[in-house]
Every structure is written in C-alpha cells, then in structure tokens.
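Below is a structure I'd like to ask you about.
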Amino acid sequence: MAEQKYWLMKSEPEVFSIDDLAGKPKKTGGWDGVRNYQARNFMKAMKLGDRAFFYHSSCEPPGIAGIVEIARLAYPDPTQFDGKSEYFEPRATKDKPVWFQVDVKLVEKLPRLLSLDELRGMPALSGMVLLKRGSRLSIQPVTPTEWDAILRCFRK
DNA sequence: GCCAACGTTGGC
DNA sequence: GCCAACGTTGGC
C-alpha cells in the first residue's frame, strides 16, 4: 500500500460524536463544516486508507474516542451551498467550491476515552500538535511515533 | 501590505 | 461563562 498517513480530527460530540458515526449506514459519514484553510488543506492531503483519531472536543473530558479510516477523498462540502446552513459560504460556487470534506469510516471505538489529561502525561507525545499551547486546528497530522504510542495504551 | 478590531476555538 | 490564543476581515 502507498505510504499511510495518520491524522487527528476534532468534533464536538454534541454536534457529531463517534456514536453518531457508528449509527450511520456502513458506519461512514462526511466530515462537513470545516471552515479553516489549514484544516481544509490537510483534508485535501488525505489518502484512502489513511487513519485518524476521532477526538471529542468542548466536552468533559475532551479526548480521543476512536479510530476512523478515510473512505472518500476530499470533495466539495455540500453545506457551503446551503443558504439555510450555518456553514453557508456566499463566495462558493459549484464551479469554485471553497470548502472540502472527506468521508470517514469507523474502524473502532476505543474501549475507553483517552483523555487530554492522559495524553499530556505521555512523554512520547510532548511534540504533538494537539498538545501545543494555543493549538486549535481541527484537523491535524499525527506522526507514526505518536500514533503508535497512543495505540500502545490499549494493545499491551 | 499593515495591523487593529473582531470573531472563533476550546480548555478550564 | 471566561478568556488566551489564534485566524480573518477590512480600512487605510
């Protein structure tokens, strides 16, 4: 397989949780609503089969809830064309969409949420984007080292 | 192209 | 609900 990359994708569980994804047909859903250029560009760089942590933000406690796989390459986020959506983008046209999304498929919900506190306590993650001061990016790259260190919490 | 004002994110 | 940090907007 082509080189597999790793990512982290944030969602507020009150808006879209890992259980919401689990309840979708084929456990697959579109990751819509991303309205940040850096995050968008990371989604455009995603390849089929890349894996990502599903991170729950703005909740108690925040943390990693599960693992998803990229099931469809970046394509225009339909909510940008919907005048009634909070994600409406007046500058966007069908010919020149501004915002993109990928589809993700649930690989597994982790046996328990790995909290932000626990992540901060792991020396192997000291350089992780998520843990950087002031980091707000909703889509982030994760290094293979970080990925493995996190999985090691579950696969003893 | 600068940068002040404003809006958003997200942990706490 | 607060507010630090960051991104975006818009006047100049």
Side-chain angles (χ1 to χ4, degrees), chain A residues 5-24 29-46 50-70 73-143 145-154:
Chain A
K5 292 237 163 69
Y6 300 105
W7 309 92
L8 180 144
M9 305 173 78
K10 292 185 191 172
S11 180
E12 299 185 20
E14 298 215 343
V15 178
F16 186 71
S17 73
I18 194 158
D19 291 327
D20 292 332
L21 181 60
K24 293 228 169 204
W31 203 272
D32 62 18
V34 171
R35 294 295 180 267
N36 169 282
Y37 288 102
Q38 216 179 334
R40 180 202 68 180
N41 293 343
F42 282 133
M43 285 204 293
K44 285 185 168 186
M46 290 174 173
D50 279 3
R51 298 217 157 179
F53 289 125
F54 193 127
Y55 181 89
H56 281 176
S57 66
S58 292
C59 57
E60 190 51 47
I64 291 172
I67 295 168
V68 299
E69 179 175 294
I70 307 309
L73 295 175
Y75 61 99
D77 177 343
T79 62
Q80 72 193 300
F81 307 121
D82 177 0
K84 290 189 283 287
S85 169
E86 62 172 313
Y87 297 124
F88 178 63
E89 171 55 72
R91 297 172 298 167
T93 65
K94 301 269 178 177
D95 285 342
K96 295 217 161 179
V98 178
W99 303 113
F100 289 77
Q101 67 181 58
V102 294
D103 285 355
V104 299
K105 177 182 170 62
L106 183 66
V107 173
E108 66 170 314
K109 179 179 175 177
L110 291 172
R112 65 181 184 84
L113 184 121
L114 192 57
S115 75
L116 180 60
D117 265 357
E118 291 174 89
L119 296 170
R120 286 196 201 285
M122 295 170 60
L125 305 183
S126 58
M128 196 175 178
V129 175
L130 180 75
L131 305 182
K132 292 224 169 86
R133 178 182 167 83
S135 168
R136 305 185 316 185
L137 251 191
S138 63
I139 309 281
Q140 314 175 354
V142 172
T143 69
T145 309
E146 292 160 354
W147 184 269
D148 290 342
I150 289 165
L151 287 191
R152 224 173 294 126
C153 297
F154 297 98

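Each chain gets a letter, A, B and so on, in the order the sequences are listed, and its residues count up from 1.
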Sequence neighbours excluded, which residues qualify as salt bridge (charged side-chain N to carboxylate O under 4.0 Å, His left out) partners of Lys109(A)?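 In terms of salt bridge (charged side-chain N to carboxylate O under 4.0 Å, His left out), with neighbours along the sequence ignored, Lys109(A) is linked to Asp19(A).
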Partner set under salt bridge (charged side-chain N to carboxylate O under 4.0 Å, His left out) for Arg136(A), not counting sequence neighbours: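 Partners of Arg136(A) under the salt bridge (charged side-chain N to carboxylate O under 4.0 Å, His left out) test: none.
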Range on DNA chain B touched by chain A, heavy atoms, distance below 4.0 Å: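 Extent of the interface on DNA chain B: dG7(B) to dC12(B).
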Distance-only check: which donor-acceptor pairs under 3.5 Å involve side-chain atoms of residues 51-58 of chain A, not counting sequence neighbours?
residue, atom, partner, partner atom, Å
Arg51(A), NH2, Glu69(A), OE1, 3.1
His56(A), NE2, Ile18(A), N, 3.1

Enumerate the residue pairs fulfilling salt bridge (Lys or Arg N to Asp or Glu O under 4.0 Å) with a member in residues 84-93 of chain A, sequence neighbours excluded, ordered by first and then second residue.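 Passing the test, one end in residues 84-93 of chain A: Glu89(A)-Arg91(A).
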According to side-chain contact (heavy atoms from CB on, under 4.5 Å), who are the partners of Phe81(A), at least two apart in sequence or on a separate chain?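 Scan of Phe81(A) (side-chain contact (heavy atoms from CB on, under 4.5 Å), adjacent residues dropped) gives Pro76(A), Ala92(A), Lys94(A), Pro97(A).
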